[in-house]
Amino acid sequence: MSIFESINDTTDKAANIGEKYFDTSREYFKLKIFKQMAVGLSYMSKLVIFGVLFMLAIIFLAVSAALAIGNALESETLGFLIVGAILLVLAIIACFLARQIDNAVIKSLSKKFFKS
């Protein structure tokens with residue numbers, strides 16, 4: 001076997017190993033992306049389901065609280081105004097805390113996303 005044939009054989013083996021490595025890496029990254037998409041979709045599904053149920057609960061509680069306050073004050077309009085004002089104050093507080101909420105969400109997601 002000549003030196004040129006040996007070099008050619010070695011080069012062919014290295015190319016085959018490189019192709020196998022590339023194919024394996026590509027499959028790994030496809031699986032990794034699939035996993036991240038599945039986790040993200042799972043979180044989004046849970047968020048939508050829990051969000052809808054939570055909002056329905058808040059609506060029913062707010063209406064019942066407004067009716068109870070209205071009956072106690074003998075004015076349903078005043079009861080609804082009081083509950084509306086309370087919800088408005090809570091919304092304003094949430095607006096002021098938006099930055100902290102964003103930071104908490106980013107920290108939580110980064111731990112899950114960049115977990116090895």
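Start at 1 with the first residue, then count along the sequence.
Atoms CG and CD, from L78 and E76 in turn, are 11.0 Å apart once rounded to the nearest 0.5 Å. Atom-to-atom distance recorded for I58:CD1 and L90:CG is 9.0 Å, nearest 0.5 angstrom. Expressed to the nearest 0.5 Å, how far CZ of F50 lies from OH of Y43 amounts to 11.5 Å. The structure places CG of L41 at 11.0 Å from NZ of K46, a figure rounded to the nearest 0.5 Å. Between the CZ atom in F29 and the NZ atom in K35 there is a gap of 13.5 Å [rounded to 0.5 Å]. From F54, atom CZ reaches atom CG of L56 across 11.0 Å, with rounding to the nearest 0.5 Å.
Under the side-chain contact (heavy atoms from CB on, under 4.5 Å) criterion, L81 pairs with T77, not counting sequence neighbours.
Judged by distance alone, the side chain of S64 and the main-chain N or O of F60 form a donor-acceptor pair under 3.5 Å. At distances below 3.5 Å, not a single donor-acceptor pair connects side-chain atoms of S108 with backbone N or O atoms of V105.
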Exercise. Taking it one step at a time, do I33 and M37 satisfy side chain to side chain contact (heavy atoms under 4.5 Å, CB included)?
Worked result: CA-CA 6 Å; I33 290 170; M37 286 175 41; 3.9 Å; yes
For this session: Please report the C-alpha distance between L67 and F80 in whole Å, then the side-chain angles of each, then the deciding distance to 0.1 Å, and finally whether the side chain to side chain contact (heavy atoms under 4.5 Å, CB included) criterion is met.
Result: CA-CA 7 Å; L67 289 173; F80 279 99; 3.9 Å; yes
Exercise. Could you go step by step and tell me if R99 and N103 meet the side chain to side chain contact (heavy atoms under 4.5 Å, CB included) rule?
Worked result: CA-CA 6 Å; R99 171 78 67 178; N103 290 339; 4.1 Å; yes
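Under the 4.5 Å side-chain criterion, counting only non-hydrogen atoms from C-beta, L73 is in contact with I82.
Environment of CD in E27: crowded, with over 12 heavy atoms of neighbouring residues, nucleotides or ligands closer than 6.0 Å.
Considering all non-hydrogen atoms of both residues, I101 and A94 come closest at CD1-O, 4.4 Å. Closest approach of A62 to L87, counting heavy atoms only: CB-CD1, 4.2 Å.
Within the structure, the salt bridge (Lys or Arg N to Asp or Glu O under 4.0 Å) test picks out the following pairs touching residues 14-25 (sequence neighbours left out): D23-R26.
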